[in-house]
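Here is the naming used below: chain letters follow the sequence lines, and residue numbers restart at 1 for every chain. Atom set for the values below is all heavy atoms of this structure, side chains included, hydrogens, waters and symmetry mates excluded.
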There are 2 protein chains.
Amino acid sequence: MTTSQSDPGARLLSAVSRLNRWATRHADLQIPPAQARLLSLIDSIGPARIGELAEADHCSQPTMSTQVQRVESAGWASRTDDPSDRRASMIELTDEGRDVLNEVRAARHRAVADVFATLTPAETAAVDQATTVIEKFVARSESTK
Amino acid sequence: MTTSQSDPGARLLSAVSRLNRWATRHADLQIPPAQARLLSLIDSIGPARIGELAEADHCSQPTMSTQVQRVESAGWASRTDDPSDRRASMIELTDEGRDVLNEVRAARHRAVADVFATLTPAETAAVDQATTVIEKFVARSESTK
DNA sequence: CAGACTACATAGGAGAACTATGCATCGTCA
DNA sequence: TGACGATGCATAGTTCTCCTATGTAGTCTG
């Protein structure tokens, strides 16, 4: 007997959790996943404060503090004082950080390449559309708090 | 300056990692995410051995051993001896486990409900298709090893 | 300008994952 | 049939990620 599995939302999140699990194990990132996510985030929302990064990543501020310290001590990001608020500082990628991020993206690409090759054109299109919707989904969920 | 972010595969995995992060924080699951994932897995592939579960979840055997012990001691799964191999045992959901799983699915549904309400019909359709493709994706990647 | 608020850091703990390793059972083959 | 490698699982120890609670320094406001 199987419990009901019909709700689209539950199904999506379940599938995403599983794909994420697969990707974490399969894509050989060289760096911890959370740090890869952070580099990608800094790259996309530009120089930002710790609090802004935490909100955008949907994690707590202390968690982001720690992660920033890690990527900073690895030399992948740097802080500059926020002239308008001496408590805060702006986090941005270093050149080395950008290199690492590009390597992360290459690794992700390599991870899916084999499977992508087996997809039909229609499925490839669906994946592309799916990605766009998911990106919009996460972005929209920020305002929904 | 922004590094290139055009590769479909890298983009998909990045988006998925972010949505998963959002879901983990936002969906109030009551139980740890890995255990939720395990209940869902046991439900979908039926009574199975630890090794089979580990492979299907793309995790190591020791990791699955520990997780099974947790859901077992919580009363959500049970073991029965595998008659054909005394080293192994079959893991299956208990009635209570099914109840918990249904609650997990309800929580996931609640988590996305607000955002789903803001999607256009076309986007909803895209999400639905996306889910199907992702499920296929993960399933197919099993054979690609 | 005192007190509330804000931005970040630190401390401490739980969960999830890994590799390495040990033990019991299984299968096979001399 | 009995020894030996292979297999299935458990345990140990470590790393990473994340949380809440709390402390501290800087900012704003009545």
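Smallest separation of non-hydrogen atoms from B/A15 and A/I134: O-CG2, 3.7 Å. Residues B/A56 and B/I45 share a closest heavy-atom pair of CB-CD1, 4.1 Å.
For the residue pair A/R25 and B/S60, no side-chain donor N or O sits within less than 3.5 Å of a side-chain acceptor on the partner.
At whole-Å resolution of the value, CD in B/Q35 and P in C/dA14 are 14 Å apart. At whole-Å resolution of the value, CG in B/D82 and C1' in D/dC9 are 13 Å apart. Rounding to whole angstrom units, NE2 of residue A/H58 and P of D/dT17 are separated by 18 Å. Distance A/L53 CG to C/dA7 P: 13 Å, rounded to the nearest Å. We find that CD of B/E72 is positioned 13 Å from C1' of D/dC9, with the value rounded to whole Å. Taking atom CG on A/L29 and atom C1' on D/dC16, their separation rounds to 13 Å, with Å as the unit. At whole-Å resolution of the value, CH2 in B/W22 and C1' in D/dC18 are 18 Å apart. Between the CD atom of A/Q67 and the P atom of D/dC19 there is a distance of 10 Å, rounded to whole Å.
A 6.0 Å sphere centred on CD of A/Q129 holds no more than 12 heavy atoms belonging to other residues, nucleotides or ligands.
The side chain of B/R86 contributes an N or O atom lying less than 4.0 Å from OP1 or OP2 of C/dC26. Side-chain nitrogen and oxygen atoms of B/R25 include none within less than 4.0 Å of the OP1 or OP2 phosphate oxygen of D/dC18. Taking only side-chain nitrogens and oxygens, B/R37 comes nearer than 4.0 Å to OP1 or OP2 of C/dA17.
When side chains are defined from C-beta on, A/T132 counts as touching B/R11, because their heavy atoms get closer than 4.5 Å. Side-chain contact between B/D82 and B/R87 is absent, with no heavy-atom pair separated by less than 4.5 Å.
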Atom pairs, N/O to N/O, protein against nucleotides 5-8 of chain D, distance under 3.5 Å?
residue, atom, partner, partner atom, Å
D/dT7, O2, B/R87, NH1, 2.2

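Contacts of A/R70 with the nucleic acid, taken as non-hydrogen atoms under 4.0 Å apart, include base atoms.
Listed candidates were D/dC19, C/dA17, D/dC18. Nearest to the side chain of A/S60 is D/dC19. Each of C/dA11, C/dC26, D/dT11 was ranked by its minimum atom distance to the side chain of A/P62; first place goes to C/dA11. When distances run from any side-chain atom of B/Q69 to the nucleotides D/dA10, C/dC18, D/dT17, the shortest one goes to D/dA10. For B/R79, taking side-chain heavy atoms from C-beta onward, the closest of the listed nucleotides D/dT17, D/dC19, D/dA10 is D/dA10.
Comparing A/S65 and A/R21 by the nucleotide of DNA chain C that holds the closest heavy atom to each, the one mapping nearer the 5' end is A/S65.
For the side-chain contact (heavy atoms from CB on, under 4.5 Å) test with A/L101, the passing option among A/L39, A/I31, A/L38 is A/L39; the others fail.
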